[in-house]
Amino acid sequence: MFERRPLEVAPALLGWRLRSEIDGEAVEAVITETEAYEHAGDPASHAHHPVDGIRRSERNAAMFSAPGRLYVYRSYGIHWCANVVCWPEGEPGAVLLRAVDVLHGHDVVERRRPGRRSDRDRTGGPGRLCVALAIDGDHDGIDLLDPGSSIRLAAPAAPLPADRIVAGPRIGISTAAERPWRFGVRAHPTLSKPFR
DNA sequence: AGTCCGATTATCT
DNA sequence: GATAATCGGACTA
């Protein structure tokens with residue numbers, strides 16, 4: 001599933017379940033929005049380098065790790081963002097998780113993000129999602145496919161039908177902004193931003 | 001609903 | 001030293 005290009009993994013990940021069990025509190029959610037960050041040739045990727053094509057650094061090291069691992073980075077000095085690593089080990093690439101829909105653990109999410117009035121406000125957006133599931137830099141590099149991990153992925157019973165998936169340009173980047181590499185569940189209330 | 005702006009810090013083009 | 005895969009509050013209307 002994850003040992004292929006992020007561009008294929010990103011739409012396929014919609015409908016998958018993400019479960020975190022941290023500090024004894026479990027939250028399970030369905031992935032509703034993703035973005036692909038590709039290999040060499042994607043200037044918006046953290047692994048991109050204008051001269052070398054790709055370059056490994058301390059921050060992006062997890063992007064080069066085995067498929068199905070977690071890559072977590074800090075955005076704007078404030079927010080954590082969570083990605084699923086793709087490609088075979090050694091090839092950098094990842095899918096940014098941009099929104100989820102909570103299935104179990106609504107009370108835990110309410111405690112972590114009190115007083116939110118909409119699902120979008122609770123778990124729509126990469127930073128919001130990380131707060132709701134208590135994902136932070138300590139979880140960088142963990143294996144999402146290992147049943148012993150505090151954060152795990154699980155496949156849906158049936159894949160999401162293609163006609164329920166929409167695509168559009170990625171959000172918040174300055175280069176290669178026109179590539180339609182953001183994917184979402186059509187008209188879902190948790191979407192961080194509408195597709196048009 | 002849409003737009004503008006400040007927060008805050010690891011990373012490095 | 002500038003930048004950033006964002007968010008939330010304040011404002012307009």
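Residue numbers start from 1 in every chain, and the chains themselves are labelled A, B, ... in the order their sequence lines are given, proteins ahead of strands. Heavy-atom basis, side chains included; hydrogens, waters and symmetry copies ignored.
- Proximity note for A:Ile78 (side chain, C-beta onward) versus C:dT6, C:dA5, B:dT8: the nearest is B:dT8.
- Not a single donor-acceptor contact under 3.5 angstrom links the side-chain atoms of A:Tyr76 to the base of C:dA5.
- Distance CZ (A:Arg117) to P (C:dG8): 11 Å, rounded to an integer number of Å.
- If A:Asn83 and A:Asp121 are placed on DNA chain C by their nearest nucleotide, the residue sitting closer to the 5' end is A:Asn83.
- Because its NZ or CZ atom is both nearer than 6.0 Å to the ring centre of A:Trp80 and within 45° of the ring axis, A:Arg74 counts as a cation-pi partner of that residue.
- Residue A:Arg116 is classed as a sugar-phosphate contact, given heavy-atom separations below 4.0 Å to backbone atoms only.
- Atom-to-atom distance recorded for A:Tyr71:OH and A:Asn60:CG is 5.5 Å, nearest 0.5 angstrom.
- For A:His48, taking side-chain heavy atoms from C-beta onward, the closest of the listed nucleotides C:dA5, B:dT13, C:dT6 is B:dT13.
- Summarising the base pairing, C:dA5 is matched to no nucleotide, lacking a Watson-Crick or G-U wobble pair whose two defining distances lie under 3.5 Å.
- The number of heavy-atom neighbours closer than 6.0 Å to CD of A:Glu58, taken from other residues, nucleotides and ligands shown, is 12 or below.
- Among C:dT6, C:dA5, C:dG8, the nucleotide with an atom closest to any side-chain atom of A:Arg128 is C:dG8.
- Proximity note for A:Pro50 (side chain, C-beta onward) versus B:dT13, C:dG8, C:dA4: the nearest is B:dT13.
- Stacking annotation: A:Tyr37 is stacked on the base of C:dA5 (ring centroids less than 5.5 angstrom apart, interplanar angle below 30 degrees).
- Checking C:dT6, B:dT13, B:dC12 against the side-chain heavy atoms of A:Pro126 singles out C:dT6 as nearest.
- Residues A:Arg74 and A:Thr175 each lie close to DNA chain B; by heavy-atom proximity, the contact nearer the 5' end of the strand is made by A:Arg74.
- Listed nucleotides: C:dG8, C:dA5, C:dT6. Nearest to the side chain of A:His79: C:dT6.
- Taking the six-membered ring where tryptophan is involved, the planes of A:Tyr73 and A:His46 are perpendicular, since the angle between them exceeds 60° and thus also 30°.
- Residue-level contact check: A:Arg113 touches the backbone only, with heavy atoms under 4.0 Å from sugar-phosphate atoms and none from bases.
- The CZ atom of A:Arg59 sits 6 Å away from the P atom of B:dC12 (whole-angstrom rounding).
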